[in-house]
Amino acid sequence: MIEFDLDILKPFTLNKYIQAERQNRYIASKMKKRATNYCMLTVQQAMVDGVRFDWPCKLEIKWYLPDKRIDPDNWSFTKKFIFDGMQKASVRSDVFLPNDSYKFVTGFDETFEIDKERPRVEIRVKK
């Protein structure tokens, strides 16, 4: 399982990204790079800790949101940065996810719950 901190990903939800894109494309580009780099570092740490997924596979994504203020579809958009970070992540030339195409990611199931104490998203291989 890989776990991402939603307090860190909160500035990168869909509505905030659209707002940045309308403001200036360079601002949005910088946002994407920051979010992707955070996700890459998180995945690299998981790899060091021994996490590996056998591709191709279907993923289970569990969102533990801090509250109901941001709609689930806005949070779900951050999957883009998570998958891009998974592709960029490598440890000793071992790449975590070669590509996020249908060839490797065969689908995903998402659920949303509230956890005020520890907002996060957990991604694991669906059994």
Side-chain angles (χ1 to χ4, degrees):
M1 175 194 62
I2 302 175
E3 184 177 306
F4 300 90
D5 186 339
L6 287 188
D7 287 333
I8 294 172
L9 289 176
K10 190 173 186 174
F12 308 107
T13 57
L14 179 58
N15 287 344
K16 291 179 182 176
Y17 186 80
I18 289 171
Q19 182 181 15
E21 189 69 49
R22 288 179 179 162
Q23 228 178 337
N24 183 312
R25 66 181 173 171
Y26 299 109
I27 294 171
S29 176
K30 188 176 180 179
M31 282 179 70
K32 182 184 182 312
K33 285 178 188 170
R34 285 179 51 217
T36 300
N37 282 336
Y38 162 70
C39 294
M40 176 193 68
L41 293 172
T42 301
V43 173
Q44 284 178 329
Q45 182 60 55
M47 291 174 74
V48 168
D49 294 341
V51 175
R52 299 286 189 275
F53 290 1
D54 291 324
W55 307 103
C57 67
K58 186 174 186 177
L59 301 175
E60 179 181 19
I61 304 172
K62 289 188 175 186
W63 300 87
Y64 296 91
L65 309 178
D67 51 47
K68 295 181 179 180
R69 290 186 200 146
I70 299 174
D71 294 333
D73 61 327
N74 275 309
W75 281 112
S76 187
F77 169 75
T78 60
K79 279 194 314 276
K80 169 67 178 157
F81 308 127
I82 292 170
F83 285 135
D84 288 352
M86 286 178 169
Q87 288 179 89
K88 285 183 71 176
S90 66
V91 173
R92 292 181 219 95
S93 72
D94 181 22
V95 176
F96 185 79
L97 173 60
N99 194 306
D100 62 357
S101 67
Y102 295 114
K103 183 176 179 182
F104 296 96
V105 181
T106 59
F108 42 82
D109 289 334
E110 293 180 276
T111 57
F112 297 86
E113 297 178 28
I114 302 298
D115 185 345
K116 294 177 184 180
E117 303 299 318
R118 201 165 67 90
R120 65 197 182 281
V121 59
E122 297 175 352
I123 300 179
R124 58 178 53 92
V125 173
K126 179 140 175 124
K127 304 247 188 254

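What you see is a predicted model, and the numbers here were worked out from it, not measured in a lab. Atom set for the values below is all heavy atoms of this structure, side chains included, hydrogens, waters and symmetry mates excluded.
To the nearest 0.5 angstrom, I82 atom CD1 is 9.5 Å from I2 atom CD1. Residue R52 holds its CZ atom at 8.0 Å from CZ of F96, rounded to the nearest 0.5 Å. Put simply, CG on L6 and OG1 on T78 are 7.0 Å apart, with the number rounded to the nearest 0.5 Å. One finds the CD1 atom of I70 at 5.0 Å from the NZ atom of K10 (value rounded to the nearest 0.5 Å). With rounding to the nearest 0.5 angstrom, the CG atom of L9 is 5.0 Å from the SG atom of C39. The OH atom of Y17 sits 7.5 Å away from atom CE of M31, with the distance rounded to the nearest 0.5 Å.
Partner of E110 under the salt bridge (Lys or Arg N to Asp or Glu O under 4.0 Å) criterion, chosen from K62, K79, K126: K79.
Of all the heavy atoms in M47 and D94, the pair that sits closest is CE-O, 3.0 Å. Minimum heavy-atom separation, R120 to R118: NH1-O, 2.8 Å. The two residues N99 and S101 come nearest to each other via the heavy atoms OD1-N, 2.9 Å. Minimum interatomic distance between V105 and F108 (heavy atoms only, all atoms of both residues): CG1-CD2, 4.2 Å.
At least one donor-acceptor pair under 3.5 Å links the side chain of T106 to the backbone N or O of C57. With E60 contributing its side chain and V125 its backbone, the two residues share no donor-acceptor pair below 3.5 Å. Panel note: side chain D71, backbone D73; no donor-acceptor pair is recorded below 3.5 Å.
Cluster membership for Y38 and Y64, using ILVMFWY side-chain heavy atoms within less than 4.5 angstrom, is not shared. A chain of hydrophobic side-chain contacts below 4.5 Å, direct or via other Ile, Leu, Val, Met, Phe, Trp or Tyr residues, connects V91 to M86.
Under the 30°/60° scheme for interplanar angles, the aromatic rings of F81 and F77 are found to stand perpendicular.
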When you look at I114 and K68, which way does the side chain to side chain contact (heavy atoms under 4.5 Å, CB included) test go after all the steps? CA-CA 8 Å; I114 302 298; K68 295 181 179 180; 3.8 Å; yes
Take K80 and D84 through the test salt bridge (Lys or Arg N to Asp or Glu O under 4.0 Å) and record every step on the way to the result. CA-CA 6 Å; K80 169 67 178 157; D84 288 352; 3.2 Å; yes
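Donor-acceptor pairing under 3.5 Å is lacking for the side chains of S29 and K32. No side-chain donor-acceptor contact under 3.5 Å links Q19 and N15. Looking only at atom types and distance, the side chain of N74 has no donor-acceptor partner in the side chain of K16 under 3.5 Å away.
Take F12 and apply the ring pair (Phe, Tyr, Trp, His ring centres under 6.0 Å) test, not counting sequence neighbours, and it matches no residue.
Contact annotation: the side chain of F53 never approaches that of L97 to less than 4.5 Å [non-hydrogen atoms, C-beta and beyond]. Two residues are said to be in side-chain contact when any heavy atoms from C-beta on lie closer than 4.5 Å; V51 and M1 fail this criterion. A 4.5 Å side-chain heavy-atom check between Q87 and D100 finds at least one atom pair inside the cut-off. By the 4.5 Å heavy-atom criterion applied to side chains, W55 and P98 are counted as neighbours.
The 12-atom threshold is not exceeded at NZ of K33, counting heavy atoms of other residues, nucleotides or ligands nearer than 6.0 Å.
The hydrophobic cluster around L41 extends to M40, counting ILVMFWY residues whose side-chain heavy atoms fall within less than 4.5 Å of a member.
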